[in-house]
Amino acid sequence: MTHRRAGGTSDRGRTAAAEERAWAELVATARRTVADGLVVGTSGNVSVRVGDTVLVTPSGVPYDRLTPDDATGVDLAGRQVLGTLVPTSELPMHLAVYDADPAARAVVHTHAVHATAVSLLVPELPPVHYMTAALGGPVRVAPYAAYGTGELARGMLDALAGRTGCLLRNHGTITYGASLDQAYDRTAQLEWMCRLWLTAASVPGRTPSLLTDAQLAEASERLRGYGQSG
(Lines give C-alpha, C1' and ligand atoms only; values in the text may rest on other atoms or scores of the structure.)
Protein backbone atom coordinates (compact mmCIF):
# COMPACT_ATOMS: atom_id res chain seq x y z
CA MET A 1 0.00 0.00 0.00
CA THR A 2 1.55 3.30 -1.12
CA HIS A 3 1.24 6.16 1.39
CA ARG A 4 2.06 9.83 1.00
CA ARG A 5 1.92 11.20 4.50
CA ALA A 6 3.61 13.91 6.55
CA GLY A 7 4.05 13.91 10.34
CA GLY A 8 5.68 11.69 12.95
CA THR A 9 6.44 8.02 12.45
CA SER A 10 3.88 6.89 15.03
CA ASP A 11 1.17 9.07 13.48
CA ARG A 12 1.90 7.69 10.02
CA GLY A 13 1.81 4.15 11.38
CA ARG A 14 -1.58 4.61 13.01
CA THR A 15 -2.95 6.27 9.87
CA ALA A 16 -1.62 3.49 7.65
CA ALA A 17 -3.08 0.79 9.87
CA ALA A 18 -6.50 2.48 9.92
CA GLU A 19 -6.47 2.87 6.15
CA GLU A 20 -5.46 -0.76 5.62
CA ARG A 21 -8.37 -1.95 7.75
CA ALA A 22 -10.79 0.41 6.01
CA TRP A 23 -9.57 -0.64 2.57
CA ALA A 24 -10.12 -4.32 3.39
CA GLU A 25 -13.67 -3.52 4.53
CA LEU A 26 -14.29 -1.42 1.42
CA VAL A 27 -13.16 -4.21 -0.93
CA ALA A 28 -15.34 -6.73 0.92
CA THR A 29 -18.35 -4.41 0.60
CA ALA A 30 -17.70 -3.78 -3.09
CA ARG A 31 -17.51 -7.53 -3.72
CA ARG A 32 -20.75 -7.97 -1.81
CA THR A 33 -22.57 -5.60 -4.16
CA VAL A 34 -21.65 -7.94 -7.02
CA ALA A 35 -22.48 -11.14 -5.12
CA ASP A 36 -25.89 -9.74 -4.14
CA GLY A 37 -26.69 -8.68 -7.70
CA LEU A 38 -26.71 -4.94 -7.03
CA VAL A 39 -24.12 -4.21 -9.70
CA VAL A 40 -22.79 -5.87 -12.83
CA GLY A 41 -19.09 -5.92 -13.66
CA THR A 42 -17.37 -2.75 -12.48
CA SER A 43 -20.52 -0.62 -12.27
CA GLY A 44 -21.27 1.05 -8.96
CA ASN A 45 -18.69 2.20 -6.43
CA VAL A 46 -17.97 2.35 -2.72
CA SER A 47 -16.10 4.77 -0.48
CA VAL A 48 -15.20 5.12 3.20
CA ARG A 49 -13.84 8.13 5.04
CA VAL A 50 -10.85 7.77 7.36
CA GLY A 51 -10.04 11.12 8.93
CA ASP A 52 -9.67 13.56 6.06
CA THR A 53 -8.98 10.83 3.52
CA VAL A 54 -11.65 9.19 1.38
CA LEU A 55 -10.77 5.66 0.26
CA VAL A 56 -12.68 4.82 -2.90
CA THR A 57 -12.93 2.03 -5.44
CA PRO A 58 -10.78 2.71 -8.53
CA SER A 59 -12.22 3.15 -12.00
CA GLY A 60 -12.71 0.11 -14.20
CA VAL A 61 -11.03 -2.50 -11.98
CA PRO A 62 -13.02 -5.69 -11.21
CA TYR A 63 -13.51 -5.93 -7.46
CA ASP A 64 -12.24 -9.51 -7.27
CA ARG A 65 -8.87 -8.30 -8.55
CA LEU A 66 -8.34 -5.59 -5.93
CA THR A 67 -5.48 -6.19 -3.49
CA PRO A 68 -4.12 -4.28 -0.48
CA ASP A 69 -1.61 -2.61 -2.82
CA ASP A 70 -4.44 -1.16 -4.91
CA ALA A 71 -5.72 1.15 -2.14
CA THR A 72 -6.91 4.40 -3.70
CA GLY A 73 -7.59 7.55 -1.71
CA VAL A 74 -8.22 11.26 -2.13
CA ASP A 75 -8.49 14.20 0.24
CA LEU A 76 -11.79 15.99 0.76
CA ALA A 77 -11.00 18.29 -2.18
CA GLY A 78 -10.54 15.31 -4.50
CA ARG A 79 -6.74 15.39 -4.75
CA GLN A 80 -5.24 11.90 -4.85
CA VAL A 81 -3.17 11.18 -1.74
CA LEU A 82 -3.04 7.40 -1.77
CA GLY A 83 -2.23 4.88 -4.49
CA THR A 84 -1.77 5.23 -8.24
CA LEU A 85 -5.03 3.87 -9.69
CA VAL A 86 -7.52 6.44 -11.00
CA PRO A 87 -10.47 6.88 -8.58
CA THR A 88 -14.01 6.10 -9.71
CA SER A 89 -15.57 8.57 -12.13
CA GLU A 90 -18.39 9.03 -9.62
CA LEU A 91 -16.03 10.63 -7.10
CA PRO A 92 -17.95 13.99 -7.22
CA MET A 93 -21.04 12.29 -5.75
CA HIS A 94 -19.08 10.71 -2.91
CA LEU A 95 -17.27 13.93 -2.02
CA ALA A 96 -20.54 15.88 -2.14
CA VAL A 97 -22.05 13.54 0.47
CA TYR A 98 -19.08 13.89 2.82
CA ASP A 99 -19.11 17.66 2.42
CA ALA A 100 -22.86 17.93 3.06
CA ASP A 101 -22.96 15.68 6.14
CA PRO A 102 -19.91 15.50 8.43
CA ALA A 103 -21.44 12.40 10.06
CA ALA A 104 -21.16 10.46 6.79
CA ARG A 105 -18.41 7.85 6.93
CA ALA A 106 -19.30 5.55 4.02
CA VAL A 107 -21.11 5.79 0.68
CA VAL A 108 -22.44 2.98 -1.52
CA HIS A 109 -23.58 3.55 -5.12
CA THR A 110 -25.21 0.73 -7.11
CA HIS A 111 -27.08 0.05 -10.34
CA ALA A 112 -29.60 -2.22 -8.61
CA VAL A 113 -32.25 -3.42 -11.09
CA HIS A 114 -35.48 -2.85 -9.17
CA ALA A 115 -34.39 0.49 -7.74
CA THR A 116 -33.30 1.71 -11.15
CA ALA A 117 -36.61 0.55 -12.60
CA VAL A 118 -38.50 2.58 -9.99
CA SER A 119 -36.39 5.63 -10.89
CA LEU A 120 -37.91 5.45 -14.40
CA LEU A 121 -41.49 5.50 -13.16
CA VAL A 122 -42.05 7.88 -10.25
CA PRO A 123 -40.49 10.99 -8.65
CA GLU A 124 -40.47 9.28 -5.25
CA LEU A 125 -40.64 5.69 -4.02
CA PRO A 126 -44.04 5.34 -2.32
CA PRO A 127 -43.82 4.46 1.42
CA VAL A 128 -44.75 0.78 1.17
CA HIS A 129 -42.80 -0.37 4.23
CA TYR A 130 -41.72 0.98 7.59
CA MET A 131 -38.04 0.71 6.62
CA THR A 132 -38.73 3.86 4.62
CA ALA A 133 -38.22 5.60 7.97
CA ALA A 134 -34.69 4.21 8.22
CA LEU A 135 -33.77 6.32 5.19
CA GLY A 136 -35.37 9.45 6.63
CA GLY A 137 -38.69 9.23 4.78
CA PRO A 138 -40.00 8.53 1.27
CA VAL A 139 -37.02 8.12 -1.04
CA ARG A 140 -36.79 10.78 -3.73
CA VAL A 141 -35.55 10.40 -7.30
CA ALA A 142 -32.80 12.78 -8.42
CA PRO A 143 -33.17 14.07 -12.00
CA TYR A 144 -31.06 12.44 -14.69
CA ALA A 145 -27.62 13.87 -15.37
CA ALA A 146 -24.54 12.39 -17.01
CA TYR A 147 -22.48 10.21 -14.70
CA GLY A 148 -19.45 11.73 -13.03
CA THR A 149 -20.69 15.31 -13.37
CA GLY A 150 -21.22 18.08 -10.88
CA GLU A 151 -24.78 18.35 -12.15
CA LEU A 152 -25.48 14.79 -11.03
CA ALA A 153 -23.91 15.46 -7.62
CA ARG A 154 -26.02 18.60 -7.12
CA GLY A 155 -29.23 16.84 -8.08
CA MET A 156 -28.34 13.99 -5.75
CA LEU A 157 -27.82 16.37 -2.82
CA ASP A 158 -31.24 17.93 -3.39
CA ALA A 159 -32.84 14.46 -3.37
CA LEU A 160 -30.89 13.52 -0.22
CA ALA A 161 -32.12 16.49 1.84
CA GLY A 162 -33.26 14.95 5.13
CA ARG A 163 -32.53 11.47 3.77
CA THR A 164 -29.68 8.95 3.82
CA GLY A 165 -30.47 7.51 0.40
CA CYS A 166 -32.00 8.41 -2.93
CA LEU A 167 -32.62 7.04 -6.40
CA LEU A 168 -30.85 8.43 -9.48
CA ARG A 169 -33.11 8.54 -12.51
CA ASN A 170 -32.10 6.10 -15.27
CA HIS A 171 -29.00 5.30 -13.23
CA GLY A 172 -29.24 3.63 -9.82
CA THR A 173 -29.03 4.29 -6.08
CA ILE A 174 -26.83 6.03 -3.56
CA THR A 175 -26.92 5.61 0.21
CA TYR A 176 -24.63 6.60 3.05
CA GLY A 177 -24.13 5.94 6.73
CA ALA A 178 -21.89 6.05 9.75
CA SER A 179 -20.18 2.83 8.62
CA LEU A 180 -19.85 0.64 5.56
CA ASP A 181 -22.20 -1.91 7.10
CA GLN A 182 -24.88 0.73 7.65
CA ALA A 183 -24.50 2.24 4.18
CA TYR A 184 -24.69 -1.20 2.60
CA ASP A 185 -27.72 -2.22 4.67
CA ARG A 186 -29.52 0.90 3.52
CA THR A 187 -28.71 0.05 -0.09
CA ALA A 188 -30.06 -3.48 0.32
CA GLN A 189 -33.21 -2.26 2.09
CA LEU A 190 -33.84 0.32 -0.63
CA GLU A 191 -33.56 -2.28 -3.38
CA TRP A 192 -35.89 -4.60 -1.46
CA MET A 193 -38.51 -1.87 -1.01
CA CYS A 194 -38.33 -1.01 -4.69
CA ARG A 195 -38.87 -4.65 -5.58
CA LEU A 196 -41.78 -4.82 -3.13
CA TRP A 197 -43.50 -1.77 -4.63
CA LEU A 198 -42.99 -2.97 -8.22
CA THR A 199 -44.42 -6.38 -7.31
CA ALA A 200 -47.49 -4.98 -5.56
CA ALA A 201 -48.11 -2.28 -8.18
CA SER A 202 -48.05 -4.87 -10.97
CA VAL A 203 -51.21 -6.65 -9.72
CA PRO A 204 -54.06 -5.67 -12.09
CA GLY A 205 -56.89 -3.74 -10.50
CA ARG A 206 -55.16 -3.33 -7.16
CA THR A 207 -53.41 -0.30 -5.60
CA PRO A 208 -50.67 -0.83 -3.00
CA SER A 209 -51.50 0.31 0.54
CA LEU A 210 -49.14 3.09 1.66
CA LEU A 211 -48.02 4.17 5.12
CA THR A 212 -49.13 7.55 6.46
CA ASP A 213 -46.80 10.26 7.77
CA ALA A 214 -47.89 9.38 11.31
CA GLN A 215 -47.09 5.71 10.79
CA LEU A 216 -43.65 6.57 9.39
CA ALA A 217 -42.98 8.88 12.34
CA GLU A 218 -43.86 6.07 14.74
CA ALA A 219 -41.59 3.66 12.86
CA SER A 220 -38.75 6.19 12.95
CA GLU A 221 -39.06 6.50 16.71
CA ARG A 222 -39.13 2.74 17.23
CA LEU A 223 -36.13 2.20 14.94
CA ARG A 224 -34.03 4.48 17.13
CA GLY A 225 -34.11 1.85 19.85
CA TYR A 226 -33.78 -1.16 17.55
CA GLY A 227 -30.99 -3.71 18.06
CA GLN A 228 -28.75 -4.75 20.92
CA SER A 229 -27.75 -2.37 23.69
CA GLY A 230 -24.98 -2.41 26.24
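- Listed for the R14 side chain is no donor-acceptor partner under 3.5 Å among the backbone atoms of A16.
- Considering only heavy atoms from C-beta on, T53 comes within 4.5 Å of E19 through its side chain.
- Between the side chain of E90 and the backbone N or O of G148, at least one donor-acceptor pair lies under 3.5 Å.
- With rounding to the nearest 0.5 angstrom, the CG atom of L216 is 12.5 Å from the OH atom of Y130.
- For an aromatic pair to be called close, the ring centres must be under 6.0 Å apart, and H94 with H109 fails this.
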Between T173 and T110, is a side-chain hydrogen bond (donor to acceptor under 3.5 Å, both in side chains) present by the stated rule, with each step listed?
CA-CA 5 Å; T173 71; T110 78; 2.8 Å; yes
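- In the displayed structure, D64 atom CG is contacted under 6.0 Å by more than 12 heavy atoms of other residues, nucleotides or ligands.
- Once rounded to the nearest 0.5 Å, the distance linking SG of C166 with CD1 of I174 reads 6.5 Å.
- With hydrophobic clusters built from ILVMFWY side chains whose heavy atoms lie under 4.5 angstrom apart, V74 does not share a cluster with V46.
- Using a 4.5 Å cut-off between side-chain heavy atoms of Ile, Leu, Val, Met, Phe, Trp and Tyr, with links allowed through other members, L157 and V108 fall into different hydrophobic clusters.
- With R186 contributing its side chain and Y176 its backbone, the two residues share a donor-acceptor pair below 3.5 Å.
- No donor-acceptor pair closer than 3.5 Å links the side chain of S209 to the backbone N or O of T207.
- Tracing side-chain contacts under 4.5 Å through hydrophobic residues (I, L, V, M, F, W, Y), one reaches V54 starting from V97; they form part of the same cluster.
- Under 4.0 Å is where a charged nitrogen must lie from a carboxylate oxygen, and between E151 and R154 no such pair does.
- Within the model, atoms CG of L38 and CG of L190 stand 10.0 Å from one another, a figure rounded to the nearest 0.5 Å.
- Without hydrogens or angle criteria, R140 side chain to A159 main chain gives a donor-acceptor distance under 3.5 Å.
- Going from atom OG1 of T29 over to atom OH of Y184 covers 8.5 Å, rounded to the nearest 0.5 Å.
- Here the side chain of S119 pairs a donor or acceptor atom with the backbone of T116 at under 3.5 angstrom.
- Remark: the backbone N or O of L76 is not paired with any side-chain donor or acceptor of R79 at under 3.5 angstrom.
- Contact check for L198 versus L121: side-chain heavy atoms found under the 4.5 Å cut-off.
- A continuous path of hydrophobic side-chain contacts links L135 to L210 [ILVMFWY only; heavy atoms under 4.5 Å].
- Linking Ile, Leu, Val, Met, Phe, Trp and Tyr residues whenever their side-chain heavy atoms come within less than 4.5 Å places L152 and L95 in a single cluster.
- For the pair R49 (side chain) and L55 (backbone), a donor-acceptor distance under 3.5 Å is absent.
- Under a 3.5 Å cut-off, the side chain of R163 and the backbone N or O of G136 do form a donor-acceptor pair.
- Put simply, the residue from T72, N45, T57 that forms a side chain to side chain donor-acceptor pair (under 3.5 Å) with T88 is N45.
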Decide yes or no on ring-ring contact (aromatic ring centres under 6.0 Å, His included) for W192 and H129, but give the supporting numbers first.
CA-CA 10 Å; W192 181 84; H129 193 270; 4.9 Å; yes
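- Rounding to the nearest 0.5 Å places NE2 of H111 at 10.0 Å from OH of Y147.
- Residues S59 and L91 are not in side-chain contact: their nearest non-hydrogen atoms beyond the backbone lie 4.5 Å or more apart.
- The backbone N or O of H114 sits less than 3.5 Å from a side-chain atom of E191, completing a donor-acceptor pair.
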